[in-house]
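Right, one structure below, let's go through it.
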Number of protein chains: 2
Amino acid sequence: MAHGSARPTSRDVAQAAGVSQAAVSLVLGDKWRGRVSEATAERVRQAARELGYRPNLAARNLRLGHTRTVLLVVPALTTEFFAGVYTGAARVAAQHGFGVVLYPSPEGIGPARDPFASAQAALDGVIASSMAADALTAIRGDQLPLVMLDSDPAGSLGAATVNLDITDGVRQVAAHLLNLGHRRILHLAADIASWTFDVRARELAARIGEVPGTSLLTVSAPISIEGALTAAATALSAKGPRPTAIVCDDDKLAAGAYKAVRRLGLRIPDDISVTGLDDLALATAIDPELTTVRLDAELFGERGMQALLAVLEGREPEAGDIPVELVVRGSTAPPRAP
Amino acid sequence: MAHGSARPTSRDVAQAAGVSQAAVSLVLGDKWRGRVSEATAERVRQAARELGYRPNLAARNLRLGHTRTVLLVVPALTTEFFAGVYTGAARVAAQHGFGVVLYPSPEGIGPARDPFASAQAALDGVIASSMAADALTAIRGDQLPLVMLDSDPAGSLGAATVNLDITDGVRQVAAHLLNLGHRRILHLAADIASWTFDVRARELAARIGEVPGTSLLTVSAPISIEGALTAAATALSAKGPRPTAIVCDDDKLAAGAYKAVRRLGLRIPDDISVTGLDDLALATAIDPELTTVRLDAELFGERGMQALLAVLEGREPEAGDIPVELVVRGSTAPPRAP
DNA sequence: TGAAGGACGTTATACGTAAAACTTCAGCGG
DNA sequence: CCGCTGAAGTTTTACGTATAACGTCCTTCA
C-alpha cells in the first residue's frame with residue numbers, strides 16, 4: 001500500500017498484522033487450526049477488516065486451477081421461465097460456493113461467435129439449455145464439462161442431459177381434452193426447430209391418433225402474442241368444421257389464441273377450449289384462467305446445476321425426468337353438443 | 001502437455017510452434033507488428049488452432065489487473081423487465097469486450113450476505129438496480145466503480161445514477177385520466193419501500209392535488225396478481241362513492257386489479273379505468289389491453305452500462321433521464337356520467 | 001537427560017499470462 | 001570498417017494467492 005489508491009493485498013494485511021503472507025492466507029482460508037494461534041488469527045482478521053481486504057479472485061483462481069464459475073446458456077431471457085431456471089441454478093450454485101454467469105444466446109449480444117468470448121469469466125463448466133447442435137459442438141470442442149437442458153438425450157454427444165417430462169405433460173393435456181369429449185383439435189405450434197417443440201408435436205399426434213374419429217390440425221407461429229393471434233385467427237376462420245380445442249406449445253401462444261378466439265366473436269371455454277404450457281404469471285392473468293402444464297423452472301435449474309456438480313466431481317448425475325403437472329383452470333370445458 | 005488431459009497453455013503452443021512463450025502472447029494478443037515475422041505469426045496461430053488453445057482468463061486477469069467483467073445487481077428476475085435490463089447491459093458490454101455477471105439480490109440465492117460472495121467473478125465494476133441503502137454501502141466499501149439504476153440521485157453517495165423518467169410517466173398517466181374526466185382515483189401501490197415507488201406516489205398525489213374536486217385513495221399490495229386482487233377488491237367494495245379509475249404501480253398489479261373489478265361484476269373500461277406501468281407482454285395479453293407507461297428496459301440497461309464504462313474510463317457519464325411513453329389502449333375511457 | 005513431537009510460524013514456489021528489457025544479427029550510410 | 005538502426009525474437013519478471021516444505025522453540029515422557 002505505497003499509495004493509498006490500490007486495493008490491499010494479502011501481503012498488506014500481513015504487514016499490518018505483523019505476520020507473513022502465508023499466515024494471512026491460512027487464517028482467511030480457515031485452514032489455521034493447529035498452525036496459527038488464536039490470538040494471531042484474530043490479529044490477522046482484524047487487520048483484514050480494517051484494510052477492507054478482499055482476496056483477488058483472479059489470483060486465487062489461477063492458483064487453484066478452477067474458478068467455481070459456470071456458464072448458463074439460455075435461448076432468451078424474455079420470459080420468466082429462463083429467469084426461473086437461472087434462479088434455481090444460481091441457488092444451488094451458491095450453496096456449493098459456485099457462481100453462475102449467464103449467456104443469452106441468440107441475436108443481439110455482441111459478436112456472438114461463441115459464448116466464451118462474451119462470458120469473460122474463466123469457467124469450470126457449462127449448462128446449455130435448448131441449444132442448437134452447432135453451438136454445442138463449439139462448446140464440446142472446449143472440453144468443458146457440460147450439461148444439456150431440455151435437449152435430445154440421443155443427440156447430446158455424450159453430455160449429461162436433464163429434461164422436464166414434457167412428453168408426460170402433453171399426454172396429460174391430450175387425455176384431459178379427449179376425456180372432455182373434444183375430437184377436433186388445433187395444435188398451435190412454435191415455429192422454432194427445436195427438440196422441445198418436436199416432442200410436443202410427436203406426443204400430441206400420437207395420443208390423438210389413438211382415438212378413432214379425431215382430427216388434428218397443426219399451424220405454427222412465432223412465439224409472440226401477435227404472431228399467435230394471426231396464425232390462430234387464420235386457422236379458425238378456415239372453412240370446414242371448426243376445432244373445439246386449441247393446444248398451444250406455450251402460454252404466450254395461448255394468450256394469442258385467446259385474442260384470436262375473441263376476435264371471431266367466440267368464447268372460451270364455451271365455444272373453444274384452450275390449453276397452454278409453462279404456467280407463467282400470464283396464465284392466471286388472462287380471463288378465463290388458462291389450463292396449462294406447470295413447469296417448475298427453478299427446480300429445472302437446480303437439477304441442471306446439481307447434474308453439473310456431479311459431472312465436475314466425477315459422480316454420475318441423477319437420472320430421471322422432472323415431473324410436470326397439468327393445472328386445470330377455466331379455459332377448458334366439454335365441447336358444445338354438435 | 002505431458003499428459004493429454006490438461007488444457008494447453010501458451011507455453012504448449014510455443015513449443016509446438018518452435019518459438020518462445022512471449023512470441024505466442026505477442027501474436028495472439030495482436031501486438032506483433034514489427035516484432036514477429038508474418039511467417040512465424042502464422043505458425044503460432046496454426047499451432048494454437050491445432051491444440052485448441054484458449055487463454056487462461058484467470059492468469060490474464062491477474063496479469064492485467066482487471067477482468068472486463070461487471071456485476072449487475074437486480075432485485076429479482078421474475079419479470080421481463082430486469083431480463084431486458086440485463087440484455088441491454090450485456091449487449092453494450094459485449095461491444096466493449098466486457099462480460100456481465102448477474103446477481104439477483106433478494107431472498108433465495110445463497111448466503112446472500114453480499115453480492116460478491118455469490119458472484120465469484122473478479123469484478124471491475126457494479127451496476128446496481130433499485131438497491132437498498134445498506135447493500136449499497138457494502139458495495140461502496142469495496143471501492144468498486146458503481147452506477148446506480150432507478151435510485152435516488154440525492155442518496156447515492158456520489159455514485160453515478162441512471163434513471164427512467166418515471167415522474168414524467170406518472171405525470172402523463174395523471175393528465176390522461178384527468179383529461180378523460182376522472183375525479184375519484186384509486187392508487188394501487190406496491191408495498192415495497194423503494195425510491196422508484198415513492199416517486200410514483202409523490203408525483204401522482206401532486207398532479208391529482210392540482211385539480212379541485214379530485215380525490216385520491218391509496219392502497220398497497222405485494223407485487224403479485226393475487227395480492228393485487230385482494231387489495232383492490234377490498235378497496236373497491238368499501239362504502240362511499242367508488243373510484244372511477246385505478247392507477248397501478250406496475251402491470252402485474254394492474255392484472256390483479258382487472259380480476260378484482262371483474263369479480264365485483266364491473267367492467268373495464270366502462271365502469272372503471274385501469275392503468276399500469278412497465279408495458280410487459282402481460283399488458284397486451286389481458287382484455288382489454290392495458291393503458292400503461294412503456295419503459296424501455298433494454299435501453300435502460302444500455303445506458304447503465306455506458307455510464308459504468310464512462311466511470312471506468314474516467315469520463316463523465318451522460319446525464320439525463322430516459323424518456324418514457326404513455327401507451328393508451330383499451331383499459332381507459334371517460335367515466336360514466338354520475 | 002535427551003529425543004520426540006506439538007505449537008506456531010516462515011520461506012519458497014508455482015499457477016499462466018503480458019510486457020519490459022535484453023540479445024542477436026543483417027543491412028547500410030559515412 | 002565502424003557504429004547505428006530495425007527486425008525478429010528471447011529472457012525475465014510480476015501479478016496475488018495457496019500450500020508444500022522447512023525451521024524454531026517449548027513441553028513432555030521414557
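We use all heavy atoms of the structure for the numbers below, so side chains are in, but hydrogens, waters and symmetry mates are not. First the proteins, then the strands, lettered A, B, ... as listed; each starts at 1.
Put simply, A/Ser37 has no side-chain N or O that comes within less than 4.0 Å of OP1 or OP2 on C/dA7. Distances shown here put every side-chain N or O of A/Ser25 at or beyond 4.0 Å from the OP1 or OP2 atom of D/dT17. The phosphate of C/dG9 has OP1 or OP2 within less than 4.0 Å of a side-chain N or O from A/Thr40. The phosphate of D/dG16 has neither OP1 nor OP2 within less than 4.0 Å of any side-chain N or O from A/Thr9.
One atom, CG of B/Leu26, and another, P of D/dT10, lie 10 Å apart when rounded to the nearest Å. Distance CD (B/Gln15) to P (D/dT10): 13 Å, rounded to an integer number of Å. Atom NE2 of B/His66 and atom P of D/dA14 are 20 Å apart (whole Å). When rounded to the nearest whole Å, the span between NZ of A/Lys31 and C1' of D/dA20 equals 14 Å. Atoms CZ (B/Arg35) and P (C/dT23) sit 15 Å apart, rounded to a whole Å. We find that CG of A/Leu62 is positioned 4 Å from C1' of C/dC15, with the value rounded to whole Å. Atom CG in B/Leu64 sits about 12 Å away from atom P in D/dG16, given to the nearest Å. Counting to the nearest Å, the C1' atom of C/dT17 and the CZ atom of B/Arg7 are 13 Å from each other.
Residue-level contact check: A/Gly34 touches the bases, meaning some heavy atom is under 4.0 Å from a base atom. Among the protein residues, B/Val19 comes within range of the sugar-phosphate backbone only, with heavy atoms under 4.0 Å from sugar or phosphate atoms but none that close to a base.
Among D/dT10, C/dT17, D/dG16, the nucleotide with an atom closest to any side-chain atom of B/Gln21 is C/dT17. Side-chain atoms of A/Ala22 lie closest to D/dT19 of the nucleotides C/dA19, D/dT17, D/dT19.
Applying the side chain to side chain donor-acceptor pair (under 3.5 Å) test to B/His66 and every residue at least two apart in sequence or in another chain returns B/Arg68. Every side-chain contact (heavy atoms from CB on, under 4.5 Å) that B/Glu38 has, sequence neighbours left out, goes to B/Trp32, B/Glu42, B/Arg45.
B/Glu302 and B/Gln306 share no side-chain donor-acceptor pair at under 3.5 Å. Between the side chains of A/Gln46 and A/Arg43, no donor-acceptor pair of N or O atoms lies under 3.5 Å.
Residue B/Arg11 places no side-chain atom within donor-acceptor reach of the base of C/dG16, judged by atom type and a 3.5 Å distance cut-off alone.
If B/Ala59 and B/Val36 are placed on DNA chain D by their nearest nucleotide, the residue sitting closer to the 5' end is B/Val36.
In this structure, CG in B/Asp321 is found 8.0 Å from CG in B/Leu164, a value given to the nearest 0.5 Å.
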